[in-house]
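Numbering of residues begins at 1 and proceeds along the displayed sequence.
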Amino acid sequence: MGQHRTNNFPNIEYVFLDRDGVVNRSFHPGGYIRYWEQFHLLPGAGDAIVRLNRSGRKVVLVTNQSGIARGLCTEPELQALHAQLQEHLKALGGHLDGIYYCPHDDGQCACRKPQTGVLEQAFLDFPGAQADNSVMIGDSLCDVEAGSRMGMLTVFVADPELPPKSDAARAAALANVSAASLLDFVQRYLGEE
């Protein structure tokens with residue numbers, strides 16, 4: 001049976017992605033992800049980003065990275081990791097149009113999801129982005145809440161390689177839809193084959 005365009009999200013021009021658990025495995029045996037060698041794309045994630053790029057949509061990463069505040073990672077390490085992610089995507093024929101991160105720990109700022117600061121900054125930098133043409137895709141309640149607070153459509157995905165997060169049921173209930181992965185969402189709801 002072939003893929004067909006579902007058009008549940010017909011006006012989406014901007015796709016905002018959480019990083020850990022959506023683009024890459026959210027955990028590695030050594031703890032916090034600091035280096036490219038610890039960074040493993042989830043199956044289909046690179047392909048999904050390439051498909052979104054080819055469709056003309058903007059793809060923007062918005063991620064909480066409290067490891068910086070906790071001394072587990074430095075900003076230069078994080079920036080180097082993201083530069084290597086861009087190089088990897090480029091080799092696949094894709095790219096991220098923007099990368100935004102919150103380096104703070106809980107309660108220290110207004111940018112850490114579920115607060116909306118990282119999304120607000122992205123909306124400023126991409127003036128065409130509006131609540132009605134954007135979607136937030138995440139693997140936790142804080143991602144879905146941040147997108148909902150901005151008035152965006154929201155998608156909940158869960159890393160199939162890990163046990164469900166404690167807030168998974170609440171996140172799935174709050175999200176507009178759930179998907180098995182980023183690629184599943186792109187194929188089923190955006191019709192990008």
Between [X] and [Y], is any pair of side-chain heavy atoms under 4.5 Å apart?
| X | Y | value |
| --- | --- | --- |
| V62 | M136 | yes |
| R170 | F156 | no |
| L190 | S55 | no |
| V155 | Y189 | no |
| F123 | M152 | yes |
| R34 | T74 | no |
| R112 | S66 | yes |
| L96 | H82 | no |

Can you tell me how far [atom2] of [Y] sits from [atom1] of [X], rounded to the nearest 0.5 angstrom?
| X | Y | atom1 | atom2 | result |
| --- | --- | --- | --- | --- |
| L119 | F16 | CG | CZ | 6.5 Å |
| L81 | F39 | CG | CZ | 5.5 Å |
| L61 | Q86 | CG | CD | 8.5 Å |
| L52 | I137 | CG | CD1 | 7.0 Å |
| Q84 | Y35 | CD | OH | 12.0 Å |
| I33 | R25 | CD1 | CZ | 10.0 Å |

* Is there a donor-acceptor pair closer than 3.5 Å between any side-chain N or O of N64 and the backbone N or O of K113? ->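 Yes.
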
* Asked: Under the 3.5 angstrom rule, does the side chain of N133 hit a backbone N or O of G128 as a donor-acceptor pair?
  ->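 Pair found, side chain donor or acceptor close to backbone of G128.
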
What's the shortest heavy-atom distance between [X] and [Y], and which atoms?
| X | Y | result |
| --- | --- | --- |
| C111 | C102 | SG-SG, 3.3 Å |
| G46 | L92 | CA-CD1, 4.0 Å |
| D18 | D143 | OD2-OD2, 3.3 Å |
| A69 | Q108 | CB-OE1, 3.9 Å |
| V15 | I12 | CG2-CG2, 3.8 Å |
| A45 | V22 | CB-O, 4.1 Å |

* To do: Applying side chain to side chain donor-acceptor pair (under 3.5 Å), name anything that partners E75, two or more places apart in sequence or on another chain.
  =>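 Checked E75 against side chain to side chain donor-acceptor pair (under 3.5 Å); matches are Y101.
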
* Taking only residues two or more places apart in sequence, or in another chain, which ones meet N176 in a side chain to side chain donor-acceptor pair (under 3.5 Å)? ->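 Partners of N176 under the side chain to side chain donor-acceptor pair (under 3.5 Å) test: T154.
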
Could I get the full list of side chain to side chain contact (heavy atoms under 4.5 Å, CB included) partners for [X], not counting sequence neighbours?
| X | value |
| --- | --- |
| E120 | T116, M150 |
| N53 | I49, V59, H95, D97 |
| L174 | L141, V144, E145, S148 |
| Q121 | Y100, L124, D125 |

* Treat each ILVMFWY residue as a node, draw an edge where side-chain heavy atoms are under 4.5 Å apart, and state whether L89 and L182 are in one component. =>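 Result: yes, single cluster for both.
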
* Path from V135 to V186 over hydrophobic side-chain contacts below 4.5 Å ->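 Yes; V186 is reachable from V135 via cluster members.
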
* To do: Look at atom CZ of R149 and say whether more than 12 heavy atoms of other residues, nucleotides or ligands are closer to it than 6.0 Å.
  =>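 More than 12 within 6.0 Å, yes.
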
* Intermediate values then yes/no, side chain to side chain contact (heavy atoms under 4.5 Å, CB included), S181 and V157 -> CA-CA 6 Å; S181 66; V157 298; 5.6 Å; no

* With side chain to side chain contact (heavy atoms under 4.5 Å, CB included) as the test, would you mind laying out the steps for L85 and L41 before giving the verdict? => CA-CA 9 Å; L85 173 58; L41 284 181; 4.1 Å; yes

* Could you give me the CA-CA distance, side-chain angles and deciding distance for C109 and Q115, then say whether side chain to side chain contact (heavy atoms under 4.5 Å, CB included) is met? => CA-CA 8 Å; C109 65; Q115 303 302 317; over 6 Å; no

* To do: Report the C-alpha separation of R19 and I99 in whole Å, then their side-chain angles, then the decisive distance to 0.1 Å, and conclude whether the side chain to side chain contact (heavy atoms under 4.5 Å, CB included) test is met.
  => CA-CA 10 Å; R19 193 189 82 179; I99 298 175; over 6 Å; no

